[in-house]
Amino acid sequence: MATVTIRYRCPVTPDECPSSDRRGFCAVHQWERLVPERVYVTAEPDDAPRTGAPDGSGPRPGTDADADGVADARPEALADRPRDRPARPSARPDPREPREGTTAPPARQPPSAAPCLALVLAGALVPVRAEGQGPTRLGRDAADCAHVTDLAALDQLSRRHAELTWRAGRLYVTDLGSVNGTYVDERPVTRPVQLWPGGHRLRLADDVDVPLVELDEYGAPR
C-alpha cells in the first residue's frame with residue numbers, strides 16, 4: 001500500500017515562503033493561491049490481518065455467523081453495517097480576514113476602464129494622467145516633463161508644446177500653438193487628434209518622436 005502526499009507552494013517565491021500539505025493561500029503573499037508542486041509516494045508494508053484461519057477453518061464468505069458470534073461475511077450483511085465516514089476538512093480561512101498579529105491587506109481598487117499609458121520622451125517615461133486627472137502637458141516648461149534629464153537639449157520644443165487629454169475613454173493630443181508644430185502620422189495637428197498605443201506615431205517639432213506605450217502592472221512598457 002502506498003501513501004501519496006502533495007505539497008503546495010507559493011508561486012511567487014516557492015523556496016522562501018512556507019509550504020503546506022493542503023490547498024490555501026500563501027502566508028506571506030496573502031493574495032497568492034498555493035499551487036501543487038511535489039508528490040511524495042511512500043510505500044507501507046501490507047501487514048493487515050487476513051480473515052479466517054490459515055488452515056481454512058474460519059468462516060467463509062457467503063456463510064452465516066457461527067454459534068460463537070463470528071460476523072457474517074456475506075455482502076448483504078456488510079452492506080447493512082455503518083461505515084466510518086472520513087472527517088470533513090475544516091473550512092478554508094477567508095484570505096480577506098486579518099490573521100492574529102498581522103494587519104489587513106489594503107483593499108484592491110477596481111481596474112479603470114482606460115489602460116495605463118506613458119510617453120517615451122528623450123528616453124524617459126512620461127506617464128499619461130488618467131481620465132479625470134487633467135491634461136498631460138509636454139514642453140520644456142511642462143511640469144509633467146520636469147524629470148526628463150535631456151529635455152533642455154531639445155531646443156526645438158516650445159515651452160508649452162502639446163497636451164494629451166481623455167474624452168469619453170479616448171485619448172487625444174492637442175497642439176498648444178507650438179513654433180515647430182505637432183504631428184500624428186506625419187500630419188500636422190490643427191485640432192484634437194485621437195491616439196492609441198501602436199496605432200499612431202506622435203512627433204513633436206521636426207524629429208522628436210514620442211512613442212505612446214502601454215504599461216504593465218509593474219510600470220514597465222509591454
Donor-acceptor check, side chain of Ser178 to backbone of Gly181, threshold 3.5 angstrom: yes or no?
yes
Within-4.5 Å side-chain heavy-atom neighbours: Arg129 and Asp144:
yes
Heavy-atom count around Arg160 CZ within 6.0 Å, excluding the residue itself: above 12?
no
Considering the options Val120, Val173, Asp185, which one meets the side chain to side chain contact (heavy atoms under 4.5 Å, CB included) requirement together with Leu202?
Val173
Report yes if the side chains of Leu138 and Leu164 come closer than 4.5 Å at any heavy-atom pair, otherwise no.
yes
Between Leu171 and Leu117, is any pair of side-chain heavy atoms under 4.5 Å apart?
yes
Suppose the criterion is salt bridge (Lys or Arg N to Asp or Glu O under 4.0 Å): which pairs have a residue in residues 192-204, not counting sequence neighbours?
Glu186-Arg201, Glu186-Arg203, Arg201-Asp209
Side chain proximity check, Tyr183 to Leu204, heavy atoms < 4.5 angstrom:
no
Residues Leu157, Leu151; criterion side-chain contact (heavy atoms from CB on, under 4.5 Å); working and verdict
CA-CA 9 Å; Leu157 297 184; Leu151 189 63; 4.0 Å; yes
Would you mind listing every salt bridge (Lys or Arg N to Asp or Glu O under 4.0 Å) that reaches into residues 168-184, with sequence neighbours excluded?
none
Ion pair present between Asp15 and Arg9, side-chain N to carboxylate O less than 4.0 angstrom?
no
Other members of the hydrophobic cluster containing Tyr218, with the 4.5 Å side-chain heavy-atom rule, please.
none
Would you check if Val148 and Val126 make a side-chain contact, meaning some heavy-atom pair closer than 4.5 Å?
yes
Test side chain to side chain donor-acceptor pair (under 3.5 Å) applied to Asp207 - qualifying residues, sequence neighbours left out:
Gln156
Quick one: side chain to side chain donor-acceptor pair (under 3.5 Å) partners of His147, sequence neighbours excluded?
none
Are Val184 and Val128 connected in a single hydrophobic cluster, I mean Ile/Leu/Val/Met/Phe/Trp/Tyr linked by side-chain heavy atoms less than 4.5 Å apart?
yes
How many angstroms lie between atom CZ of Arg137 and atom OG1 of Thr165, to the nearest 0.5 angstrom?
9.5 Å
Mind checking whether Tyr172 and Val210 sit in one hydrophobic cluster, side chains of I, L, V, M, F, W, Y counted as touching below 4.5 Å?
no
Could you tell me the separation between the CG atom of Leu121 and the CG atom of Asp150, rounded to the nearest 0.5 Å?
9.5 Å
Student check: side-chain heavy atoms of Arg167 and Pro192 closer than 4.5 Å
yes
Can you list the residues that meet the side chain to side chain donor-acceptor pair (under 3.5 Å) rule with Asn180, with sequence neighbours excluded?
none
Side chains of Leu176 and Glu163 in contact at under 4.5 Å (non-hydrogen atoms)
yes
Enter the distance from Thr182:OG1 to His161:NE2 here, rounded to the nearest 0.5 Å.
3.5 Å
side-chain contact (heavy atoms from CB on, under 4.5 Å) between Arg222 and Val213, intermediate numbers included
CA-CA 7 Å; Arg222 293 184 183 272; Val213 297; over 6 Å; no
